[in-house]
Amino acid sequence: MLSAQTNFYNRFSFLYPLVDVFLKPQKKKFFNIINKLPEGKLLEIGIGNGAHIKLYQRHQITGIELSTSMLNIAKKNAPSTISLFEMNGENLTFESDSFDYVVLSHVIAVADKPEKLLLECERVLKHSGKMLILNHFTPNNHIKYIDQFFNLFSGIFHLKSIFYIENFKAINHFKLEKEIALKPFSYFKILIFSKH
Ligand SMILES: C[S@@+](CC[C@H](N)C(=O)[O-])C[C@H]1O[C@@H](n2cnc3c(N)ncnc32)[C@H](O)[C@@H]1O
């Protein structure tokens with residue numbers, strides 16, 4: 001049976017381009033960083049409708065996605081060099097130690113089981129591979145009250161608006177290498193972790 005979250009993305013995949021307009025500037029920065037990394041095997045989990053696929057300029061890319069509707073749109077956006085699969089990031093079918101990079105763009109705060117997702121990222125990453133996360137992170141300033149208010153109904157969007165990555169035990173299996181706060185308000189960040 002499909003999870004409520006997958007049903008949500010299956011139903012509203014046609015509206016996602018509107019959300020993506022808002023995410024475009026931060027994704028540009030994120031992919032600039034990814035494109036400067038040494039050539040490698042990269043897995044993007046929750047690649048969505050693949051609106052940003054065109055921003056990848058290097059690497060051997062594999063994308064996975066839970067929602068069939070989002071994946072079907074991604075397939076239309078993707079060149080044949082990118083491999084796309086319907087798969088759950090919390091239960092990957094890839095061999096251990098098989099990727100140099102794992103990319104999570106606005107996925108970890110919507111995943112049903114983020115701990116499991118992080119453990120799977122760790123498993124499929126090669127030794128000293130990197131996990132790159134773009135997401136919102138609840139800050140320790142007045143903006144946390146907006147997150148707290150929005151949290152009253154963010155469940156409708158299958159999203160955790162109050163989001164502290166340090167609350168996940170599995171994040172301790174990684175070493176934080178770099179944190180880049182994005183404007184405005186540093187609410188969105190790029191975090192680069194390496195596998196211990
Ligand atoms: C907010 S969208 C982000 C899409 C894209 N990464 C982006 O940055 O535009 C979250 C996506 O993650 C997918 N997703 C959520 N949990 C997932 C999981 N456990 N495995 C694979 N995909 C997942 C959803 O179906 C949805 O397409």
Side-chain angles (χ1 to χ4, degrees), residues 1-35 42-56 59 61-78 82-94 99 101-125 131-137 147 150-151 154-163 165 168 170-171 180 182 187-192:
M1 206 177 87
L2 295 181
S3 71
Q5 193 241 82
T6 305
N7 270 326
F8 173 80
Y9 281 100
N10 277 342
R11 274 200 203 156
F12 295 106
S13 58
F14 73 100
L15 281 177
Y16 197 76
L18 296 177
V19 178
D20 206 57
V21 168
F22 167 67
L23 301 177
K24 253 188 188 135
Q26 35 177 280
K27 282 191 179 176
K28 214 173 152 205
K29 288 208 173 75
F30 191 45
F31 284 92
N32 273 340
I33 291 169
I34 291 171
N35 289 328
L42 181 151
L43 171 67
E44 181 170 347
I45 297 178
I47 198 161
N49 67 0
H52 54 260
I53 279 180
K54 55 186 178 298
L55 298 178
Y56 280 116
H59 308 302
I61 317 280
T62 302
I64 66 132
E65 172 53 52
L66 254 183
S67 150
T68 318
S69 307
M70 293 291 263
L71 185 67
N72 285 341
I73 303 172
K75 283 181 176 163
K76 286 185 194 140
N77 284 326
I82 293 188
S83 311
L84 293 172
F85 303 99
E86 190 168 329
M87 200 186 293
N88 188 342
E90 294 157 10
N91 192 13
L92 295 169
T93 61
F94 303 112
F99 291 96
Y101 310 111
V102 173
V103 169
L104 299 171
S105 168
H106 297 291
V107 172
I108 190 155
V110 305
D112 282 338
K113 295 177 186 145
E115 289 280 7
K116 244 185 134 187
L117 181 72
L118 288 171
L119 290 174
E120 279 295 82
C121 293
E122 182 194 12
R123 185 183 67 75
V124 299
L125 269 176
M131 176 173 72
L132 297 107
I133 300 181
L134 169 63
N135 216 86
H136 75 273
F137 297 93
D147 266 359
F150 192 57
N151 203 48
S154 64
I156 299 168
F157 304 101
H158 298 274
L159 163 79
K160 295 168 197 74
S161 80
I162 300 178
F163 186 72
I165 199 152
F168 301 119
I171 203 68
I180 301 158
L182 303 175
Y187 180 62
F188 292 96
K189 285 181 184 165
I190 295 167
L191 302 184
I192 305 175

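Atoms within a ligand are numbered from 1 in the order they appear, just like the ligands themselves. Quick note: residue numbers are just sequence positions, from 1.
Below 3.5 Å of separation, one finds an N or O of Tyr16 facing an N or O of ligand 1. The shortest N or O to N or O distance between Ile45 and ligand 1 is not below 3.5 Å. Here's the thing with Leu23: none of its N/O atoms is less than 3.5 angstrom from an N/O atom of ligand 1.
Against a heavy-atom cut-off of under 4.0 Å, Glu44 is close to the following atoms of ligand 1: 6 (N). Residue contact check: Glu90 has heavy atoms under 4.0 Å from atoms 19 (N) of ligand 1. Residue-ligand proximity, Gly48 to ligand 1, at heavy-atom distances under 4.0 Å covers atoms 4 (C), 27 (O). The contact set between ligand 1 and Val110, taken as ligand atoms under 4.0 Å from a residue heavy atom, comprises 10 (C), 15 (C).
Scanning the protein for heavy atoms near atom 8 (O) of ligand 1, the closest one is Ser105 OG, 2.6 Å. Atom 10 (C) of ligand 1 has as its closest protein heavy atom His106 O, 3.5 Å. Remark: minimum distance from atom 9 (O) of ligand 1 to any protein heavy atom is reached at Lys27 NZ, 2.6 Å. For atom 20 (N) of ligand 1, the closest non-hydrogen atom of the protein is Gly89 N, 2.8 Å. With hydrogens left out, the protein atom closest to atom 16 (N) of ligand 1 is Gln5 NE2, 3.4 Å, a heavy atom. Closest to atom 5 (C) of ligand 1, if we only count protein heavy atoms, is Gly46 O, 3.4 Å. When hydrogens are left out, the protein atom nearest atom 17 (C) of ligand 1 is Leu66 CD1, 3.6 Å; that is the closest non-hydrogen contact.
Applying the ring pair (Phe, Tyr, Trp, His ring centres under 6.0 Å) rule to Phe30 yields no partners; only residues at least two apart in sequence or on another chain are considered.
Residues Val102 and Glu120 have side chains not in contact (no heavy-atom distance under 4.5 Å, counting atoms from C-beta outward). Leu182 has its side chain within reach of Lys29: a pair of non-hydrogen atoms, C-beta onward, lies under 4.5 Å apart. Residues Ser13 and Asn49 fail the side-chain proximity criterion, which asks for heavy atoms closer than 4.5 Å. A heavy-atom distance below 4.5 Å is not found between the side chains of Val110 and Phe8.
In terms of modelled atom types and a separation under 3.5 Å, the side chain of Gln26 and the main chain of Leu134 share no donor-acceptor contact. Judged purely by atom type and a 3.5 angstrom limit, Asp20 has no side-chain atom pairing as donor or acceptor with the backbone of Tyr16. At least one donor-acceptor pair under 3.5 Å links the side chain of His136 to the backbone N or O of Lys160.
Proximity of Met87 to ligand 1, defined as any heavy-atom pair under 4.0 Å, is confined to the backbone N, CA, C and O atoms.
The closest heavy-atom contact to atom 24 (C) of ligand 1, among the options Lys113, Met70, Glu65, comes from Glu65.
Heavy atoms of Asn88 come nearer than 4.0 angstrom to ligand 1 in at least one pair.
Evaluation of the salt bridge (charged side-chain N to carboxylate O under 4.0 Å, His left out) test over residues 61-77, restricted to residues two or more places apart or in two chains, returns none.
No hydrogens or angles considered: nothing links the side chains of His59 and Glu44 as a donor-acceptor pair under 3.5 Å.
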Just do the ring-ring contact (aromatic ring centres under 6.0 Å, His included) check on Phe163 and Tyr187 with the steps written out, would you? CA-CA 11 Å; Phe163 186 72; Tyr187 180 62; over 10 Å; no
